[in-house]
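So the structure is just underneath, and the comments pick up after that.
Every heavy atom of this structure was used, including side-chain atoms; hydrogens, water molecules and symmetry mates were not.
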Amino acid sequence: MKNDYKKKVVYSESRRRTWLRLVQRVACICVFFLCGLLCAALLTRSGVVSRVKYELTGSEETWEEAALAEGYASSVEEYYYDNMSEDLHEAYREIYVHLMRNEDSGDFLTSISVEDFWQTYYAVLADHPEIFWTDTSAQVEESSLTGTVVSYSFDVTVAAEDRDAIRLELEAAADACIVQIPSDATDYEKIKYVYEYIIDTTDYDLNSEDSQNVQSALLYHSSVCAGYSRAFQYILHRMGLFCTYITGTIVGGGDHGWNMVRIAEETQADETLAGVPSVSAEEYYYYVDVTWGDPVFAVSMDGYGSESTISYNYLCCTQQDLFKTHVPGDSIALPECTSDAYDYYKLNNMYYESFDRDVIYQALMESVQANDSRIMMKFGSEGAYQEAQSALFDGDLLNDAGQYLMQQNGENSWSYRYHTDDNFYLITVYW
């Protein structure tokens with residue numbers, strides 16, 4: 001009996017343990033299955049599954065190929081794309097294709113960090129002012145598993161169904177400017193004309209509608225720096241000229257945007273052995289700030305100026321001049337802008353490398369005799385600029401010009417006003 005009892009006990013305990021192990025296995029399988037379902041749901045929602053499919057099955061072409069196949073190949077030189085890390089090129093093109101497809105939200109398939117996404121998104125918009133329906137705002141979702149962006153949602157200001165109509169309006173507005181430019185105009189003359197055109201047709205207004213994109217300046221004729229700069233870039237792109245958008249800050253102020261252009265300069269070398277001169281072209285970069293060229297903006301900034309007088313200080317200027325007031329951001333590397341070949345004052349005989357009393361006297365007299373409303377004089381150094389101010393406003397350099405002006409007008413007195421620009425070493429005398 002004792003032996004039988006012991007056998008029963010052993011048999012019963014073994015059987016209980018077997019059932020326990022079975023239950024544990026079933027429970028583990030169920031937990032694993034539920035976790036799998038949960039992970040699959042989370043991955044599907046976050047776009048990771050779409051990315052895995054994209055990367056493993058080749059279900060999507062590269063985004064460069066997709067852009068070409070769908071007719072979205074860029075027709076302009078993309079400065080930010082060309083100067084950013086090559087690791088970001090595929091993400092750049094994916095963002096560009098989504099925007100051109102009007103896909104305002106969805107899965108993001110290129111593997112990229114949130115920080116790199118923002119840098120790349122900004123680069124696309126900086127290269128393409130024709131993308132007018134969104135600004136730099138967007139929402140992105142980051143995968144907790146991979147630490148990369150898996151979905152996006154652009155903040156748009158224009159509904160998808162309205163974009164084609166506005167695009168046609170913008171093209172017509174740009175062409176209305178372009179058609180007025182002589183066909184044989186040089187690149188500099190085209191840039192100058194567009195600079196003047198935007199200033200003449202746009203009012204600086206902090207409350208402008210759609211002020212951060214090209215619509216404000218070209219369609220509503222009222223904008224701030226972003227609208228001025230993007231309109232300038234948009235028109236130059238339609239003419240096949242290089243222009244990019246630069247952002248930064250103003251010394252002692254806030255955020256600001258302006259442009260950079262490139263002009264080729266031909267140089268003729270000594271004659272070759274065959275007696276034929278060798279001609280080569282070198283390209284130089286220049287800064288342009290259309291906003292600061294607008295006299296309405298100048299009046300709003302310092303209360304001085306004529307509302308009909310364009311400032312040419314910021315047309316094809318050097319970094320030496322611009323960086324006294326402008327500080328570019330560090331989002332992209334910038335080339336040296338040191339050539340002053342297209343300095344407006346040099347091109348129009350208003351530049352004086354040094355102060356020469358006789359030369360300035362002659363310039364003053366010629367201005368009065370021509371019945372000009374003003375004379376502008378830019379000097380090549382601070383010392384020359386200070387000498388000129390002393391001779392003009394503390395000395396008697398203006399006397400003869402004033403006497404002649406009175407004689408011309410049959411008056412017994414005369415008055416003038418003047419403005420000095422310490423950044424550009426510029427003196428303007430208004431008769």
Side-chain angles (χ1 to χ4, degrees), residues 39-40 42-156 160 163 167 213 230 233-234 237 242-247 260 262 329-335:
C39 287
L42 289 172
L43 290 174
T44 302
R45 184 180 68 85
S46 65
V48 173
V49 167
S50 297
R51 176 179 295 162
V52 171
K53 181 181 178 182
Y54 161 69
E55 292 180 344
L56 296 183
T57 67
S59 59
E60 182 78 55
E61 303 163 299
T62 67
W63 291 101
E64 199 70 53
E65 292 171 343
L68 288 170
E70 298 175 35
Y72 298 139
S74 176
S75 61
V76 301
E77 184 175 337
E78 298 168 316
Y79 182 82
Y80 282 76
Y81 177 88
D82 292 338
N83 289 276
M84 70 194 316
S85 169
E86 290 187 6
D87 294 342
L88 303 179
H89 282 180
E90 190 69 6
Y92 177 108
R93 197 59 66 201
E94 179 178 356
I95 292 173
Y96 177 71
V97 170
H98 285 316
L99 286 164
M100 298 306 291
R101 286 175 176 172
N102 291 323
E103 295 173 345
D104 297 333
S105 62
D107 294 334
F108 197 75
L109 303 183
T110 307
S111 182
I112 188 174
S113 69
V114 173
E115 181 180 355
D116 284 343
F117 178 92
W118 289 120
Q119 178 188 345
T120 308
Y121 181 40
Y122 171 82
V124 172
L125 298 183
D127 280 337
H128 294 280
E130 73 276 12
I131 299 175
F132 56 84
W133 54 91
T134 184
D135 55 28
T136 53
S137 299
Q139 287 81 48
V140 296
E141 183 180 1
E142 179 184 17
S143 168
S144 59
L145 298 176
T146 63
T148 58
V149 174
V150 291
S151 68
Y152 69 92
S153 178
F154 302 130
D155 289 349
V156 299
R163 293 171 194 170
R167 185 179 290 109
N213 65 58
R230 292 186 184 279
Q233 181 186 17
Y234 179 82
H237 280 182
F242 169 82
C243 181
T244 196
Y245 180 58
I246 308 295
T247 58
M260 183 175 68
R262 188 179 62 224
D330 58 1
S331 61
I332 200 75
L334 297 174

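Side-chain contact between Pro129 and Tyr245 is absent, with no heavy-atom pair separated by less than 4.5 Å. Considering only heavy atoms from C-beta on, Phe108 comes within 4.5 Å of Phe117 through its side chain. Thr244 places none of its side-chain heavy atoms less than 4.5 Å from the side chain of Arg262. A 4.5 Å side-chain heavy-atom check between Glu64 and Tyr96 finds every atom pair outside the cut-off. Residues Tyr122 and Thr247 meet the side-chain proximity criterion, which asks for heavy atoms closer than 4.5 Å. Using a 4.5 Å cut-off on side-chain heavy atoms (C-beta onward), Trp133 and Leu99 make contact.
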Determine, step by step, whether Thr110 and Glu94 satisfy the side-chain hydrogen bond (donor to acceptor under 3.5 Å, both in side chains) criterion, reporting the C-alpha distance in whole Å, the side-chain angles of both residues, the deciding distance to 0.1 Å, and the verdict. CA-CA 7 Å; Thr110 307; Glu94 179 178 356; 2.5 Å; yes
Do Val140 and Tyr121 pass the side chain to side chain contact (heavy atoms under 4.5 Å, CB included) test, and can you show the C-alpha distance, the side-chain angles, and the key distance before you say yes or no? CA-CA 11 Å; Val140 296; Tyr121 181 40; over 6 Å; no
Starting from the C-alpha separation in whole Å, work towards a yes-or-no answer on side chain to side chain contact (heavy atoms under 4.5 Å, CB included) for Leu125 and Ile131. CA-CA 7 Å; Leu125 298 183; Ile131 299 175; 4.0 Å; yes
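Distance OG/Ser85 to CD/Gln119: 8.0 Å, rounded to 0.5 Å. With values rounded to the nearest 0.5 angstrom, Asp135 atom CG is found 6.5 Å from Asp155 atom CG.
Arg230 forms no cation-pi arrangement with Phe132, by the criterion of a distance under 6.0 Å to the ring centre and an angle within 45° of the ring axis.
Less than 6.0 angstrom separates the ring centroid of His98 from the ring centroid of Trp63. Here Tyr92 and Tyr80 keep their ring centres 6.0 angstrom or further from each other.
Between Gln233 and Ala126, the closest heavy-atom pair is NE2-O, 2.9 Å. Here the closest heavy-atom approach between residue Met100 and residue Tyr72 is recorded as O-OH, 3.5 Å. A pairwise comparison of heavy atoms in Ser137 and Thr134 identifies O-OG1, 4.2 Å as the closest pair. Here the closest heavy-atom approach between residue Ala91 and residue Thr120 is recorded as C-CG2, 3.9 Å.
Between the side chain of Asp127 and the main chain of Tyr81, a donor-acceptor pair closer than 3.5 Å is present. Remark: side-chain polar atoms of Ser143 are not paired, donor with acceptor, to backbone N or O of Thr148 under 3.5 angstrom. Asp107 contributes no side-chain N or O that, together with a main-chain N or O of Leu109, makes up a donor-acceptor pair within less than 3.5 Å.
When each of Glu142, Gln139, Glu141 is tested with Ser151 by the rule side-chain hydrogen bond (donor to acceptor under 3.5 Å, both in side chains), just one qualifies, namely Glu141. Here the options are Glu78, Glu65, Glu70, the test is salt bridge (Lys or Arg N to Asp or Glu O under 4.0 Å), and the partner is Arg93; only Glu78 passes.
Remark: Ala160 engages Asn102, Arg163 in a side-chain contact (heavy atoms from CB on, under 4.5 Å) (not counting sequence neighbours).
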